[in-house]
Asks: 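A single structure is presented below for examination.
Sequence lines set the chain letters: A, B, ... in the order given, protein chains first and strands last, and positions in each chain run from 1.
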Protein chains: 2
Amino acid sequence: VRAAMAGWARAVRGLLLDVSGVLYDSGADGGVPIAGSVEAVRRIKASGLKLRFCTNETQATRENFVKKLRGMGFDISVSEVTAPAPAACHILKERGLRPHLLVHDDLVPEFAEIEKTNPNCVVLGDAAENFTYGKLNEAFRVLIGMEKPVLISLGRGRYYKETDGLKLDVGAYMKALEYACDVQAEVVGKPSKRFFESALAEMGVPAEQAVMIGDDIVNDVGGAQRCGMRALQVRTGKYRPSDENHPDVKPDAYVNNLAEAVDIILQQL
Amino acid sequence: VRAAMAGWARAVRGLLLDVSGVLYDSGADGGVPIAGSVEAVRRIKASGLKLRFCTNETQATRENFVKKLRGMGFDISVSEVTAPAPAACHILKERGLRPHLLVHDDLVPEFAEIEKTNPNCVVLGDAAENFTYGKLNEAFRVLIGMEKPVLISLGRGRYYKETDGLKLDVGAYMKALEYACDVQAEVVGKPSKRFFESALAEMGVPAEQAVMIGDDIVNDVGGAQRCGMRALQVRTGKYRPSDENHPDVKPDAYVNNLAEAVDIILQQL
């Protein structure tokens, strides 16, 4: 690993960190930090490297998400987090879109400033228990009733693991609506290029001097590499050994966890 | 229309009729017959033409479905109906598959003879109110837990109309599970070639002497034509004027309704 990274790690000026599966493992009980990650975040901040948290989390507002992470001991603030809902709000305002929301109840406050009457698009997040037959049909009817349906999806993940088992992620419901309405969703969040670029801009580091560290081979690693970044896959979170044979995506290196990634990068500087 | 059909209608020996949208319009109240359809079925039977009902209905057993139609005045019996659930049972037995069912409660009796313990496939129908977040996740977990996931979908419709509005059909949920599990569903029902072929075999008429009459441009018309049949689209049920500009499928003729189709065909004989 060190050898693989020796060539480029010394040029690194900023890190983008995925959160779930890298900093902590989520679950109904709130989740638990991954060993060494609290300390690793602290070491990044002490090193002078730029740092940004880049998450597809849509089950809570950034405020509540950060509060939970701070409760686990992480040095993180709302202003350091790039997340899909605020990015979607930016797009909605820019294009005069009024969303019908199919999202988690706890995410709704992120859209407080957005006009929602007489909707002309549907915004889909990981709605979890709100993915009822009735609410899915309702979102479908709003969408199919539009002359040109606009579907904005907060991520395109296939599934994720919680303490009580695997759950379908927003991408599965996105595919259902795409098929029913013969429309292509616009994805806000990883692996969207625009999303990574806004995270880089907020961090003030060009792509070639930035490294993404994530557990998702497609949405973290593949997405970041397509933006010109280096990307490491951690062997925590949703990582599976079969990821190392992925047909399309090859990380710049594998690391056992965030702590190991930070060790190596800091040694190269 | 008559001119378009004059060349081939005299060779017709059998008719395959779609049911919902051709014989009747479905709805929460049970539905209502489409004007002229009861008499049209009677005339087909009196003519000596072979007749088979070919439906993707999966919200009831054939027994209950036929009972409802007889209640509306249709001359129809269970043995004349080709439907996805019995076709799926045939495949399950043939391949030793034990299904986890995600279907409508009223369809379950069709699978009474099938071994369902320790499932090695998922059978997906239009489960309607059974499409809950919990039951979708359950079917997903069964599927993703298989070494080689087998997903059998009873149809691939995008949506349908009931008296209280549009509803997502089984195809949308099929796409969600396909995406989440990176698997391709096997579709039983229209437009599957095997399904049409078994309807033709049951009727005892070769494809080139059979006509499919349906309201669904893709699943009825396109599917039947790919099997070598002629196919008419009625302007009832889910027909929309935009169907007449469909990029891939062109019916052999359009008719206003089943009664008109039967008028023309019987005149040519």
Asks: May I ask you to name which of Arg156(A), Lys175(A), Glu138(A) has the most heavy-atom pairs under 4.5 Å with chain B?
Replies: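 So the answer, after comparing Arg156(A), Lys175(A), Glu138(A), is Lys175(A).
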
Asks: To the nearest 0.5 Å, how far apart are NZ in Lys135(B) and OH in Tyr133(A)?
Replies: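 Rounded to the nearest 0.5 Å, the NZ-OH separation comes to 13.0 Å.
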
Asks: What is the minimum heavy-atom distance between Ala176(B) and Ala176(A), and which atoms define it?
Replies: CB-CB, 4.3 Å

Asks: For residues 240-247 of chain B, give me every residue with a non-hydrogen atom less than 4.5 Å from any non-hydrogen atom of chain A.
Replies: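 Residues qualifying by a heavy atom under 4.5 Å from chain A are absent, so none.
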
Asks: Could I get the full list of side-chain contact (heavy atoms from CB on, under 4.5 Å) partners for His90(B), not counting sequence neighbours?
Replies: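 With neighbours one apart ignored, the set is Glu94(B), Arg194(B).
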
Asks: Looking only at heavy atoms and a cut-off of under 4.5 Å, which of Leu168(A), Asp182(A), Thr132(A), Leu177(A) has the most pairs with chain B?
Replies: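 Answer, by heavy-atom pair count under 4.5 Å with chain B: Leu168(A).
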
Asks: For Ala128(A), is it the side chain, the backbone, both, or neither that has a heavy atom closer than 4.5 Å to a heavy atom of chain B?
Replies: both

Asks: Counting only heavy atoms from other residues, nucleotides and ligands, does the tally under 6.0 Å from NZ of Lys68(A) exceed 12?
Replies: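 Atom NZ in Lys68(A) is crowded, with more than 12 foreign heavy atoms closer than 6.0 Å.
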
Asks: Using only atom types and a distance under 3.5 Å, with no angle test, would you say the side chain of Arg141(B) pairs donor to acceptor with the backbone of Gly165(A)?
Replies: no

Asks: Evaluate side-chain contact (heavy atoms from CB on, under 4.5 Å) for Asp169(A) paired with Tyr179(B), printing each intermediate quantity in order.
Replies: CA-CA 10 Å; Asp169(A) 198 359; Tyr179(B) 177 69; over 6 Å; no

Asks: I'd like to verify something: which residue of Glu178(A), Met174(A), Lys167(A) has the highest number of heavy-atom pairs under 4.5 Å with chain B?
Replies: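 Highest number of heavy-atom pairs under 4.5 Å: Lys167(A).
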
Asks: Count the heavy atoms belonging to other residues, nucleotides or ligands that lie under 6.0 Å from NZ of Lys116(A), then report whether that count exceeds 12.
Replies: yes

Asks: Taking side chain as everything from C-beta outward and backbone as N, CA, C, O, which of these in Phe131(A) sits under 4.5 Å from a heavy atom of chain B? Side chain, backbone, both or neither.
Replies: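 For Phe131(A), heavy atoms of backbone and side chain both lie under 4.5 Å from chain B.
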
Asks: Check the pair Ile144(A), Leu166(B) against side-chain contact (heavy atoms from CB on, under 4.5 Å), reporting the backbone distance first and the verdict last.
Replies: CA-CA 9 Å; Ile144(A) 197 86; Leu166(B) 295 175; 3.5 Å; yes

